[in-house]
Amino acid sequence: MGKDKNLWGNARLAPIGFGGAVIGNLYRAVRDIDSVHAVHRAWRSGVRYFDTAPYYGMGLSEQRLRVALCDLPRDQFVISTKVGRLLDPTSESLHPMRDGFADPLPNKVHFDYSYDGVMRSFEESLRRLGLDRIELLYAHDLGSLTHGAMHSHHFAQFAEGGYRAMDELRASGAVDAIGLGVNETAVIDQAMAVGRFDCFLLAGRYTLLEQEPLNGFFDRVAAHGARIVAGGVYNSGILATGTRSGQPVYFDYAPAPPEIIARVGRIEALCYEAGVPLAAAALQFTRAHPVIASVLVGLGRADLVDRTLALASTPIPSSFWTALKDEGVIPDNAPVPVVQELQG
């Protein structure tokens with residue numbers, strides 16, 4: 001894994017990471033100064049892992065991280081970014097909301113998982129970030145969920161060229177670790193048959209609502225010698241807001257269907273009985289699996305940093321996790337946080 005052989009075993013890849021999509025103006029515009037304050041608050045709170053991508057605000061997230069991190073000691077933080085999309089400047093009049101990003105930079109985006117495309121994307125990310133190397137590099141959004149009928153084309157392009165580029169970058173020390181940043185497990189299984197990977201950013205597939213990776217997938221990742229960075233622990237919001245606010249609730253980037261709302265309602269009832277915040281349970285459950293090296297959370301405002309770190313440290317009694325298993329919310333083989341409870 002390049003120069004740093006121990007990303008997983010020390011504090012550099014901390015249990016909570018800074019998800020940079022929000023400072024790319026995901027869903028709503030964030031002021032430059034607020035993005036800097038958020039990063040600095042995270043830093044002061046001990047967060048040392050910052051994730052971004054060219055796609056986030058069409059380059060805006062990477063540029064903002066450059067500003068926010070420029071005066072911080074480079075050997076004390078970990079950066080991950082992604083390849084698979086190229087940005088091309090344009091003078092065309094563009095819609096102010098594009099692909100869910102409000103007021104992104106004036107760049108057009110297209111997929112390119114080829115050798116040359118990956119190398120170009122990496123070099124352009126280094127320029128936007130103001131760095132000469134990064135720690136983790138992910139191939140972004142491979143898989144059928146994103147590409148549908150074009151998946152085979154894009155995956156073949158990656159397998160025949162993009163992977164070779166990423167492997168060369170790792171061998172040269174330009175990156176320490178490589179992997180995929182995706183929303184599905186099937187393409188990770190497909191990729192592990194192509195080459196050797198160090199980590200996979202998997203969003204939304206291991207949460208209080210979804211535990212399918214326990215059925216062999218996590219074992220295969222561990223056997224490959226890789227780790228998981230988990231994103232989307234709130235399943236697009238429903239596990240953060242719950243179902244009782246009267247506001248629209250979302251699951252997997254869309255309005256939540258009735259069966260999901262009903263399942264979350266059951267979890268909420270158990271949380272209420274135990275006095276446990278739903279969001280704390282969701283965050284801590286995902287973190288508990290030993291194959292998961294870090295959990296990424298969107299931290300676009302300083303107050304969200306404070307809230308997330310408070311949720312991560314909220315005491316949750318072991319009886320709560322037992323109740324979730326007894327009610328069939330999570331399977332019996334799901335790892336849960338080890339609770340240090342006072343002895344009477």
Side-chain angles (χ1 to χ4, degrees), residues 10-52 56-57 60-62 64-73 76-80 102 201 203-204 207-208 229-245 247 249-250 264 267-268 271-272 274-288 292-317 320 337-340:
N10 59 28
R12 298 190 70 210
L13 200 63
I16 300 294
F18 187 105
V22 178
I23 64 169
N25 289 356
L26 182 64
Y27 302 136
R28 68 177 188 86
V30 175
R31 297 187 305 168
D32 289 342
I33 190 63
D34 291 334
S35 69
V36 172
H37 286 166
V39 171
H40 287 181
R41 180 71 63 85
W43 177 268
R44 290 194 299 271
S45 301
V47 174
R48 294 295 183 267
Y49 174 30
F50 300 87
D51 175 73
T52 184
Y56 300 159
L60 182 61
S61 175
E62 289 182 323
R64 283 175 163 172
L65 270 184
R66 174 180 186 161
V67 172
L69 294 172
C70 65
D71 292 328
L72 300 177
Q76 293 183 29
F77 62 82
V78 167
I79 286 281
S80 61
L201 170 51
T207 70
L208 276 180
V229 172
V233 297
Y234 301 131
N235 280 127
S236 300
I238 194 168
L239 289 176
T241 63
T243 65
R244 303 179 179 187
S245 67
Q247 300 298 315
V249 289
Y250 293 89
V264 174
I267 301 171
E268 282 183 288
C271 287
Y272 181 79
V276 172
L278 173 62
L283 181 59
Q284 293 188 34
F285 171 75
T286 300
R287 286 178 60 195
I292 291 176
S294 186
V295 173
L296 288 176
V297 182
L299 301 175
R301 301 193 315 269
D303 63 304
L304 289 178
V305 175
D306 296 339
R307 179 176 182 269
T308 298
L309 296 178
L311 292 170
S313 60
T314 297
I316 298 179
F320 171 76
V338 176
V339 182
Q340 302 295 326

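Computed over heavy atoms, backbone and side chain alike; hydrogens, waters and symmetry mates excluded. Numbers here simply count residues along the sequence, with the first being 1.
Atom-to-atom distance recorded for L299:CG and I16:CD1 is 8.0 Å, nearest 0.5 angstrom. Atoms CG and CZ, from D306 and R44 in turn, are 9.0 Å apart once rounded to the nearest 0.5 Å. For the atom pair CG of D51 and CG of L296, the computed distance is 5.0 Å after rounding to the nearest 0.5 Å. Note: T207 OG1 to L283 CG = 12.0 Å, rounded to the nearest 0.5 Å. Here the straight-line distance linking atom NE2 of H40 with atom CG of D71 works out to 7.0 Å at 0.5 Å rounding. Atom CZ in F77 sits 6.5 Å away from atom CG in L72 (nearest 0.5 Å).
Within the structure, side-chain hydrogen bond (donor to acceptor under 3.5 Å, both in side chains) contacts touching residues 274-284 (residues at least two apart or in different chains) do not occur. Sorted by first then second residue, the side-chain hydrogen bond (donor to acceptor under 3.5 Å, both in side chains) pairs that include residues 17-29, not counting sequence neighbours, are N25-R64.
Shown here for L311 and P277, the closest heavy-atom pair between the two residues is CD2-CB, 4.2 Å. Looking at every heavy atom in both residues, A29 comes nearest to A102 through N-CB, 3.7 Å. In this structure, A288 and P337 approach most closely via the heavy-atom pair CB-N, 3.6 Å. Considering all non-hydrogen atoms of both residues, S294 and G17 come closest at OG-N, 3.7 Å. In plain terms, the two heavy atoms of I292 and T286 that are nearest each other are CD1-O, 3.1 Å. Across all their heavy atoms, S45 and L309 have their closest contact at CB-CD1, 3.1 Å.
Looking only at side-chain heavy atoms (C-beta outward), V297 and Y234 come within less than 4.5 Å of each other. Using a 4.5 Å heavy-atom cutoff, the side chains of L278 and L239 are in contact. A heavy-atom distance below 4.5 Å is not found between the side chains of T314 and V276. Side-chain atoms of L65 and V39, non-hydrogen and from C-beta on, do get closer than 4.5 Å to each other.
In this structure a side-chain-to-backbone donor-acceptor pair under 3.5 Å is present from T241 to G237. Distance alone, capped at 3.5 Å, is enough to place a donor-acceptor pair between the S61 side chain and the G20 backbone. Panel note: side chain R48, backbone W43; a donor-acceptor pair is recorded below 3.5 Å.
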- Message: Before you tell me yes or no, could you show the steps for I79 and L69 under side chain to side chain contact (heavy atoms under 4.5 Å, CB included), namely the whole-Å CA-CA distance, both residues' side-chain angles and the distance that decides it to 0.1 Å?
- Response: CA-CA 10 Å; I79 286 281; L69 294 172; 3.5 Å; yes
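The aromatic rings of F18 and F50 sit tilted, their planes meeting at an angle between 30° and 60°.
Not a single side-chain contact (heavy atoms from CB on, under 4.5 Å) links R66 to another residue, sequence neighbours left out.
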